[in-house]
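Notes follow the structure.
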Amino acid sequence: MVKIDLILARHGETSANAQGIMQGSLVNLPLNDLGRRQASALAEGMKDRNVDWIVTSKLDRAIETARYVAKYHSSAPLTCDERLNEISWGEADGKDIKTVDPIVKPVTQGWVSGDFDAKILGGESANECKERILAAFGDILNEARKNKHKDVVVCIHGRIMRVIMAVLVDKDLRTMERFTHANCCYHHIQVEVDDDEQIMPDPWTLKFEVVRIDVRDHLMTLQKPRI
């Protein structure tokens with residue numbers, strides 16, 4: 001068996017985060033000043049790890065965060081994967097969170113109660129996110145095994161991070177709300193995959209162990225992170 005460590009890091013703050021704007025996959029903003037300082041702090045927190053590979057979504061805020069981490073790990077390749085993009089909030093994307101709460105809250109509450117196909121008009125459901133995440137992590141684990149990447153940093157987004165943890169760790173989308181996060185926090189999980197490269201890793205059947213959840217130690221010297 002091959003053990004792989006996964007560091008799931010949320011991107012730094014953007015102006016949308018700061019202003020309370022829904023920021024799904026349809027909103028693509030760079031980091032703001034605080035976000036860049038958070039990303040720098042995350043990179044400092046990761047600098048002593050033996051990072052072998054950095055994977056990120058294709059959205060600018062995640063890529064920019066990943067590049068800060070990459071500064072300390074010049075030999076680690078950086079790969080962008082659209083399947084790791086934030087959930088699409090459809091017609092709520094780009095709008096004030098308080099204004100769209102009446103259409104967002106019933107959907108997220110539906111997920112907690114087991115209606116994983118619930119979604120906002122023009123957006124994605126929890127089940128749709130689950131399917132692309134399972135496909136992405138199957139490929140990530142396969143590539144990590146093939147290239148002997150034992151320490152992988154994945155730069156992603158808040159809601160999709162919740163989906164990932166609920167799917168990989170709990171195998172139950174109803175639990176996603178228990179995984180708290182802030183900008184540039186990270187979750188550390190481990191998994192063992194078969195060393196036979198003929199066997200494609202199936203994230204749904206693999207057991208992912210939690211090492212640490214919602215790590216923010218590296219952010220303590222900064223302004224209090226926004227949830």
Side-chain angles (χ1 to χ4, degrees), residues 1-12 31 35-36 38-86 132-158 160-165 167-169 179 181-219:
M1 301 294 283
V2 177
K3 181 179 285 187
I4 299 171
D5 283 87
L6 295 165
I7 302 294
L8 308 176
R10 189 183 176 201
H11 63 81
L31 304 182
R36 289 188 289 272
Q38 290 169 335
S40 181
L42 173 65
E44 286 284 336
M46 296 285 107
K47 70 179 182 181
D48 293 327
R49 296 191 65 86
N50 296 315
V51 176
D52 299 308
W53 187 22
I54 302 169
V55 187
T56 174
S57 82
K58 281 197 170 183
L59 295 174
D60 289 349
R61 55 194 182 271
I63 295 172
E64 190 175 351
T65 302
R67 285 175 176 159
Y68 274 88
V69 176
K71 290 178 182 179
Y72 291 107
H73 306 283
S74 57
S75 64
L78 194 155
T79 303
C80 299
D81 190 331
E82 189 173 15
R83 295 173 297 180
L84 299 175
N85 283 6
E86 180 60 297
R132 63 177 167 94
I133 286 305
L134 287 174
F137 274 86
D139 289 341
I140 288 170
L141 295 177
N142 190 44
E143 287 297 309
R145 175 182 60 186
K146 183 171 67 176
N147 294 295
K148 296 181 170 54
H149 296 328
K150 295 184 178 181
D151 201 287
V152 182
V153 174
V154 184
C155 290
I156 42 177
H157 310 265
I160 209 67
M161 180 184 283
R162 281 184 161 143
V163 172
I164 290 168
M165 292 295 286
V167 169
L168 300 188
V169 175
F179 296 105
H181 58 256
N183 290 113
C184 278
C185 79
Y186 67 85
H187 303 316
H188 180 185
I189 59 178
Q190 292 177 333
V191 64
E192 289 189 344
V193 298
D194 198 300
D195 53 11
D196 183 353
E197 293 187 8
Q198 300 302 311
I199 301 175
M200 183 68 180
D202 179 3
W204 185 246
T205 60
L206 291 171
K207 184 177 182 180
F208 290 79
E209 300 284 353
V210 171
V211 179
R212 297 181 74 191
I213 289 181
D214 195 4
V215 180
R216 308 186 189 192
D217 304 354
H218 51 286
L219 301 171

Shortest non-hydrogen contact from H157 toward H11: ND1-CD2, 3.3 Å
Would you tabulate the side-chain donor-acceptor contacts of residues 69-77 under 3.5 Å, counting partners in other chains and residues two or more places apart, or write 'none'?
unit_1 : atom_1 : unit_2 : atom_2 : d
Y72    : OH     : E44    : OE2    : 2.3
H73    : NE2    : M46    : O      : 3.0

Which residues share a salt bridge (charged side-chain N to carboxylate O under 4.0 Å, His left out) with R67, sequence neighbours left out: none
Does anything in residues 50-65 pair up under salt bridge (Lys or Arg N to Asp or Glu O under 4.0 Å), and if so which pairs, sequence neighbours excluded? none
Q190: side-chain contact (heavy atoms from CB on, under 4.5 Å) partners, not counting sequence neighbours: K3, D5, H188, V211
Residue set satisfying salt bridge (charged side-chain N to carboxylate O under 4.0 Å, His left out) with K148, at least two apart, ordered chain then number -> none
Going by side-chain contact (heavy atoms from CB on, under 4.5 Å), name the residues that satisfy it together with D196, two or more places apart in sequence or in a different chain. D194, Q198, I199
With sequence neighbours excluded, residues passing ring-ring contact (aromatic ring centres under 6.0 Å, His included) with Y68: none
Salt bridge (Lys or Arg N to Asp or Glu O under 4.0 Å) pairs touching residues 72-85, sequence neighbours excluded, are D81-R83, R83-D139
Salt bridge (charged side-chain N to carboxylate O under 4.0 Å, His left out) with E192: which residues, sequence neighbours excluded? none
Check whether any side-chain heavy atom of D214 sits under 4.5 Å from a side-chain heavy atom of F179, and report yes or no. no
Tell me every residue that passes side-chain hydrogen bond (donor to acceptor under 3.5 Å, both in side chains) with N147, counting only those two or more places apart in sequence or in another chain. E143
Using the ring of each side chain (for Trp, its six-membered ring), is Y186 parallel, tilted or perpendicular to H218, with breaks at 30° and 60°? parallel
Under the side-chain contact (heavy atoms from CB on, under 4.5 Å) test, which residues partner D217, sequence neighbours left out? R212, V215
Going by side-chain contact (heavy atoms from CB on, under 4.5 Å), name the residues that satisfy it together with L206, two or more places apart in sequence or in a different chain. L141, V191, V193, P201, F208
